[in-house]
Chemist: 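Can you read through this structure? Questions will come right after.
Hydrogens, waters and symmetry mates are skipped; everything else that's a heavy atom, side chains included, is used.
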Amino acid sequence: MKIICWIICGIFSSSLLIAQSPFKGVFKGIYNGEAINLYINEVNGIDLMGTLTDAQASYSVKAEINGNRFAGEAIHQTLSLRPVILGELLIDKMNITLVFDVAGNKTEVKVPLNREKNQPVSSANSVQKIKLPSGAELNPDLVGVWQKEENYNSGSGSDFMGSTFTQSMIFFDDGSVGDGGSAATISGSDFLGQSKSSGLKKMEGVVWYTRSNQLYLQITQNGTSQEAHLGRYYIENRSMLITGTNGTKILLRKIQ
């Protein structure tokens, strides 16, 4: 379901059957009076590729996705410019940050973009009254803000690149689900880029519940509900380990 892709997909697994990546499409904005266009035309697993253009230049974008964010490089088509690019997707809005390093001088360029109106991401209908499926319960031990952290490193010396992504999900005591915010940091031997978004808001059409030690989500869209089995969960010392039906293990830490 597209409405939950940008938060749930980053925390759990691809077994939620997301029909199409919400990153794919055309995003447009204005920076210093000039049109900025980001064309994301290929998304393969956790990688995306596309083109970033302005009035003077064109860049090939290659990046890695984590939740509703991505981090990578924007490579100039003719000049030897390879700025770091960070992106954050919020439904139909994309905030990007370019980190340029020219002769040791670093410059950050932040540009807000909007998805083309003819390529909207559909939203779910609101859950007017939360009604749990038969046999479902709300385990109070799950109520709170849970955070997942991932670290990536590659290369060494002057070619070193490292990144840290954190993403949070909120399980409310009424069964609703919320976005707890996310953050990304990418660094190398001579650059540093950071991006952060706040959360603490409920997500429409999504309900959590448990059966025994199994965790589920119910996603309602256009009047139709679908159950997603996230897997078996185990909680100890403010940490929760979720083992998916395919054996994938996700470790979350309770931060609130």
Chemist: Considering only heavy atoms from C-beta outward, does the side chain of Ile96 approach that of Leu52 to under 4.5 Å?
Modeler: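 They are in contact (side-chain heavy atoms under 4.5 Å apart), so the answer is yes.
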Chemist: With heavy-atom distances below 4.5 Å as the criterion, would you say the side chains of Leu98 and Tyr59 are in contact?
Modeler: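 No, their side chains stay 4.5 Å or more apart.
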Chemist: If we ignore angles and hydrogens, is there a donor and acceptor under 3.5 Å between the side chains of Thr53 and Ser58?
Modeler: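 Not at all, the side chains of Thr53 and Ser58 share no donor-acceptor pair under 3.5 Å.
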Chemist: Is it true that Glu88 and Arg69 have a side-chain N and a carboxylate O under 4.0 angstrom from each other?
Modeler: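 Yes.
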Chemist: Could you tell me the separation between the CG atom of Leu142 and the CE atom of Met169, rounded to the nearest 0.5 Å?
Modeler: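 Reported value, rounded in 0.5 Å steps: 11.5 Å.
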Chemist: With a 4.5 Å cut-off on side-chain heavy-atom distances among I, L, V, M, F, W and Y, is there a chain of contacts connecting Leu251 to Leu215?
Modeler: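 No, no single cluster joins them.
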Chemist: So, Asn237 and Ser239: side-chain donor and acceptor under 3.5 Å apart, yes or no?
Modeler: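 No.
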Chemist: Surrounding NZ of Lys62 (heavy atoms of other residues, nucleotides or ligands, distance under 6.0 Å), is the total greater than 12?
Modeler: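 No - once you tally the heavy atoms of other residues, nucleotides and ligands closer than 6.0 Å, there are 12 at most.
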Chemist: Does some side-chain heavy atom of Trp208 sit less than 4.5 Å from a side-chain heavy atom of Val143?
Modeler: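 Yes. Closest side-chain heavy atoms under 4.5 Å.
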Chemist: Any side-chain heavy atom of Met94 sitting closer than 4.5 Å to one from Phe23?
Modeler: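 The answer is yes, as the side chains (C-beta and beyond) meet within the 4.5 Å cut-off.
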Chemist: Decide yes or no for Ile250 and Leu230: does some side-chain heavy atom of the first lie under 4.5 Å from some side-chain heavy atom of the second?
Modeler: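 Ile250 vs Leu230: side chains apart.
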Chemist: Can Arg232 and Gln214 be said to form a side-chain contact (heavy atoms from CB on, under 4.5 Å), step by step?
Modeler: CA-CA 4 Å; Arg232 174 171 52 85; Gln214 305 292 319; 3.5 Å; yes
Chemist: Is Lys249 close to Leu241 at the side-chain level, that is, under 4.5 Å between some pair of heavy atoms?
Modeler: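 With C-beta onward as the side chain, the pair touches.
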Chemist: Between the side chain of Asn68 and the main-chain N/O of Leu89, is any donor-acceptor distance below 3.5 Å?
Modeler: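 Side chain of Asn68 to backbone of Leu89: a pair is present.
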Chemist: Please list, chain by chain and in numerical order, all residues satisfying ring pair (Phe, Tyr, Trp, His ring centres under 6.0 Å) with Tyr209, sequence neighbours excluded.
Modeler: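 Counting only residues at least two positions away or on another chain, Tyr209 forms a ring pair (Phe, Tyr, Trp, His ring centres under 6.0 Å) with Tyr216.
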Chemist: Any heavy-atom pair between the side chains of Leu217 and Val206 that's under 4.5 Å?
Modeler: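 Val206 vs Leu217: side chains touch.
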